[in-house]
Amino acid sequence: QVQLVESGGGQVQPGGSLRLSCVASSNAFRTYSMVWFRQAPGKEREFVADIDWIGGVTFYADSVKGRFTISRDNPKLTVYLEMNNLQPSDTAVYYCADRGKRFWGQGTQVTVSS
C-alpha cells in the first residue's frame, strides 16, 4: 500500500505563507494524479487543489485560486502546496490523497490567527 505523510503545517499570521509537503512511500506515486483536501473544525471536508501525474495540469478551488500553488517532484515522491496570503478561513487540517481517494495522509494542521 502507498503511504502518504504530510508536513509543514503550523501557525501563521493573516497574510503569511506556508509550504506543505506530502511524501509518498512508493514509486507508484509517479503514476497518480494527486489532490489536496482540507477540513476545518465542524465543517465538511473540501477540495483544495489537484495536479496530474506529470505535474503539467493543475486545478484549484475558487476559494484558493491565485493564492495557493500545487506542484510535484516525482523523483522525490513529493507533492507540495504553497500557500500565500493566508486568511483565518484557511484554518484547517490539510490532507493529501490520490485522485481516486484510495490513499490518505495523516493530515497537517494549519492555523491562521493573530
Side-chain angles (χ1 to χ4, degrees):
Q1 300 277 67
V2 174
Q3 295 178 334
L4 303 171
V5 179
E6 300 99 334
S7 63
Q11 183 173 343
V12 296
Q13 302 264 48
S17 299
L18 286 172
R19 189 190 194 194
L20 307 183
S21 299
C22 172
V23 180
S25 65
S26 164
N27 282 330
F29 160 87
R30 296 169 178 248
T31 71
Y32 299 158
S33 296
M34 296 294 295
V35 184
W36 285 96
F37 295 92
R38 68 186 183 186
Q39 188 164 25
K43 303 291 185 179
E44 189 174 308
R45 185 185 68 205
E46 65 175 337
F47 165 80
V48 176
D50 177 281
I51 189 165
D52 76 300
W53 68 281
I54 295 175
V57 179
T58 58
F59 184 76
Y60 300 90
D62 287 343
S63 59
V64 306
K65 192 172 185 178
R67 299 189 297 122
F68 291 12
T69 302
I70 187 171
S71 61
R72 68 192 298 161
D73 187 336
N74 280 346
K76 293 183 178 179
L77 305 181
T78 302
V79 176
Y80 302 98
L81 185 68
E82 182 181 358
M83 305 183 294
N84 301 124
N85 192 25
L86 285 161
Q87 301 299 312
S89 58
D90 296 314
T91 295
V93 178
Y94 284 70
Y95 300 91
C96 66
D98 68 300
R99 187 185 284 170
K101 301 178 183 177
R102 293 170 294 176
F103 312 111
W104 293 83
Q106 83 290 345
T108 186
Q109 176 72 50
V110 172
T111 301
V112 186
S113 67
S114 57

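The aromatic rings of Phe47 and Phe37 stand perpendicular to each other, their planes meeting at an angle above 60°, with 30° marking the opposite boundary. Using cut-offs of 30° and 60° for the angle between ring planes, the Tyr95 and Trp104 rings count as perpendicular.
Of all heavy-atom pairs spanning Ala24 and Val2, the tightest one is CB-CG1, 4.3 Å.
Contact of the Tyr94 side chain with the Gln39 side chain is not registered, since no non-hydrogen atoms from C-beta on lie closer than 4.5 Å. In this structure, the side chains of Tyr80 and Ile70 stay at 4.5 Å or more apart for every pair of heavy atoms. When side chains are defined from C-beta on, Leu4 does not count as touching Gln106, because their heavy atoms never get closer than 4.5 Å. Using a 4.5 Å cut-off on side-chain heavy atoms (C-beta onward), Arg38 and Val64 make contact.
Contacts classified as disulfide bond (SG atoms under 2.5 Å apart) and involving residues 36-69 (residues at least two apart or in different chains) are not found.
Panel note: side chain Gln3, backbone Ser25; no donor-acceptor pair is recorded below 3.5 Å. At distances below 3.5 Å, at least one donor-acceptor pair connects side-chain atoms of Asn74 with backbone N or O atoms of Trp53. In this structure a side-chain-to-backbone donor-acceptor pair under 3.5 Å is present from Thr78 to Lys76.
With sequence neighbours excluded, no residue forms a salt bridge (charged side-chain N to carboxylate O under 4.0 Å, His left out) with Arg30.
Ion pairing between a basic and an acidic side chain is recognised when a charged N comes within 4.0 Å of a carboxylate O; Asp52 and Arg99 show no such pairing.
For the atom pair Phe103 CZ and Asp98 CG, the distance stands at 6.0 Å (nearest 0.5 Å).
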Acceptor/donor pairs from residues 10-19 side chains to any protein atom, 3.5 angstrom cut, sequence neighbours excluded:
unit_1 : atom_1 : unit_2 : atom_2 : d
Gln11  : NE2    : Ser113 : OG     : 3.2
Ser17  : OG     : Asn84  : ND2    : 2.9

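More than 12 non-hydrogen atoms from other residues, nucleotides or ligands lie less than 6.0 angstrom from CD of Glu82.
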